[in-house]
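All heavy atoms count here, side chains included; hydrogens, waters and symmetry mates do not. Quick caveat, the model's predicted, so the values are computed rather than measured. Within every chain, numbering begins at 1; the chains are lettered A, B, ... in the order of the sequence lines, protein sequences first and strands thereafter.
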Amino acid sequence: MPAPPESEAELFERARGLAGRSLGEVSAELGIACPDTLKRAKGFVGMLLERALGATAGSKDVPDFPDLGVELKSLPVDREGKPRESTFVCTMPLSDVAEMQWLGSRVQRKLARVLFVPVEATPEVAIAARRIGGPILWTASAEEEAALRRDWDELAGLVGAGHVESVTAHLGEYLQVRPKAAHSRVRTLAPGGDDGLVSVNPKGFYLRTKFTAAIVARALR
DNA sequence: GATTGATCATAC
DNA sequence: GTATGATCAATC
């Protein structure tokens with residue numbers, strides 16, 4: 001496996017080197033089996049890119065490239081380069097989001113600097129034949145950050161005020177909250193209810209497709 | 001066809 | 001069970 005990149009420029013060059021190559025080629029080089037379907041390997045593409053680029057963070061709550069402060073996100077796109085799915089950002093700390101601010105929040109920290117790597121995700125194309133696209137090193141513009149902050153304030157505000165059960169994926173213009181758990185029977189505690197705590201399915205923050213689509217469009221201009 | 005809620009694999 | 005990586009699939 002490659003060593004971690006020593007600079008952002010080196011990381012970007014490595015990512016550019018993957019552009020145009022297929023998931024099958026890259027996985028073969030790394031000695032990793034490429035699945036025939038993502039049905040039972042949903043994290044395969046993300047894990048493959050992590051290894052190919054030398055990410056080290058593993059399952060810790062820090063960016064994929066801690067020394068660079070860069071988070072890696074694979075972006076499943078159609079043949080036109082448009083994202084096909086929302087992008088998971090992080091879990092929502094339900095029990096203490098009430099005391100948090102946007103600045104310093106997990107969302108703000110995770111999205112401070114992101115390397116998006118588009119990957120072909122057309123159903124008709126076999127996994128191994130899917131090609132990796134050109135990387136996008138992104139930082140939110142003032143407008144993008146303000147928009148994310150508005151959503152975060154609304155969503156975190158509702159949970160902090162004890163209204164977690166009214167928070168659905170319908171809320172949020174660009175940032176939304178959805179279940180994030182092994183299955184719907186998983187429970188965790190959040191502010192609310194008669195005792196001050198309610199048992200709910202764990203939740204996570206996701207970027208809506210239209211938000212990442214705008215990032216891709218901006219990068220192609 | 002797009003979106004929301006549900007789910008899958010793996011490491012510790 | 002908690003974290004990481006996400007896509008699936010029922011529903012709108």
Side-chain angles (χ1 to χ4, degrees), chain A residues 1 4 15 18 23 26-27 30 32-66 70-80 82-97 106-107 109-111 114-128 130 132-133 151 155 158-159 164-190 199-214:
Chain A
M1 299 299 168
L18 295 176
L23 297 180
V26 175
S27 55
L30 295 174
I32 300 169
C34 186
D36 293 329
T37 169
L38 297 181
K39 189 171 180 177
R40 296 193 176 268
K42 296 181 180 180
F44 170 73
V45 178
M47 298 296 224
L48 181 67
L49 292 178
E50 281 185 359
R51 297 197 194 187
L53 294 172
T56 54
S59 62
K60 295 180 294 233
D61 184 24
V62 294
D64 294 296
F65 300 94
V70 176
E71 176 72 15
L72 173 66
K73 287 292 177 194
S74 63
L75 204 55
V77 297
D78 64 18
R79 65 185 68 235
E80 293 167 13
K82 184 185 172 188
R84 298 190 80 260
E85 286 279 355
S86 55
T87 299
F88 173 69
V89 180
C90 58
T91 52
M92 189 177 194
L94 292 169
S95 59
D96 46 48
V97 77
R106 286 154 108 162
V107 178
R109 284 183 286 127
K110 280 260 184 186
L111 298 183
V114 182
L115 182 69
F116 286 105
V117 179
V119 177
E120 190 174 9
T122 315
E124 302 79 44
V125 179
I127 308 296
R130 294 183 183 183
I132 299 168
D151 287 337
L155 298 165
L158 283 168
V159 172
V164 62
E165 287 161 307
S166 69
V167 176
T168 71
H170 296 276
L171 301 177
E173 186 178 6
Y174 299 113
L175 188 68
Q176 65 179 170
V177 169
R178 302 225 301 275
K180 169 60 175 173
H183 48 75
S184 58
R185 285 98 64 202
V186 177
R187 299 277 106 179
T188 191
L189 294 175
S199 177
V200 297
N201 194 219
K203 303 186 188 312
F205 287 106
Y206 295 76
L207 291 176
R208 289 189 183 276
T209 302
K210 64 179 174 181
F211 188 81
T212 48

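Distance Glu50(A) CD to dT4(C) P: 11 Å, rounded to the nearest Å. Between the CD1 atom of Ile32(A) and the P atom of dG5(C) there is a distance of 16 Å, given to the nearest Å. The separation between Leu72(A) atom CG and dT4(C) atom C1' is 12 Å, rounded to whole Å. When rounded to the nearest whole Å, the span between NE2 of His183(A) and C1' of dT10(B) equals 15 Å. Rounded to whole angstrom, the span from the OH atom of Tyr174(A) across to the P atom of dT4(B) amounts to 15 Å. Between Leu189(A) atom CG and dG1(C) atom P there is a gap of 13 Å when expressed in whole angstrom units. Rounded to whole angstrom, the span from the CE atom of Met92(A) across to the P atom of dA3(C) amounts to 14 Å. Here dA3(C) presents its C1' atom at 9 Å from CZ of Arg106(A), a figure rounded to the nearest Å.
Proximity note for Glu71(A) (side chain, C-beta onward) versus dT4(B), dG5(C), dT7(B): the nearest is dG5(C). With distances taken from any side-chain atom of Arg185(A) to the nucleotides dG5(C), dT7(B), dT4(B), the minimum falls on dT7(B).
Heavy atoms of Lys210(A) sit nowhere under 4.0 angstrom from any nucleic acid atom. Across all strands shown, Lys203(A) has no heavy atoms under 4.0 Å from either base or sugar-phosphate atoms.
With contacts defined as side-chain heavy-atom distances shorter than 4.5 Å, the pair Ser95(A)/Leu189(A) does not qualify. Looking at Leu49(A) and Ile132(A), their side chains come closer than 4.5 Å, going by heavy atoms from C-beta outward. Annotation: side chain of Leu111(A) is in contact with side chain of Val89(A) (closest heavy-atom distance under 4.5 Å). Side-chain contact check for Val77(A) versus Lys82(A): every heavy-atom pair is 4.5 Å or farther apart.
From Phe205(A), atom CZ reaches atom NZ of Lys180(A) across 14.0 Å, with rounding to the nearest 0.5 Å.
For dT7(B), one of the phosphate oxygens OP1 or OP2 lies less than 4.0 angstrom from a side-chain nitrogen or oxygen of Ser184(A). For Arg208(A) and dT4(B), the shortest distance from a side-chain N or O to OP1 or OP2 is below 4.0 Å.
Between the side chain of Lys73(A) and the base of dG5(C) there is no donor-acceptor pair of N/O atoms closer than 3.5 Å.
With sequence neighbours excluded, the residues forming a side chain to side chain contact (heavy atoms under 4.5 Å, CB included) with Ala190(A) are Leu94(A), Val164(A), Val198(A), Val200(A), listed by chain and number.
Taking the nucleotide of DNA chain B with the nearest heavy atom to each of Arg40(A) and Lys82(A), the more 5' of the two is matched to Lys82(A).
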**Asked** With the sugar-phosphate defined as primed atoms, P, OP1 and OP2, and the base as all remaining atoms, what B/S/- string results for nucleotides 7-12 of chain C, 5' to 3', for protein heavy atoms under 4.0 Å?
**Response** BBS---

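For the residue pair Arg178(A)/Ser86(A), the side-chain donor-acceptor check at 3.5 Å is satisfied.
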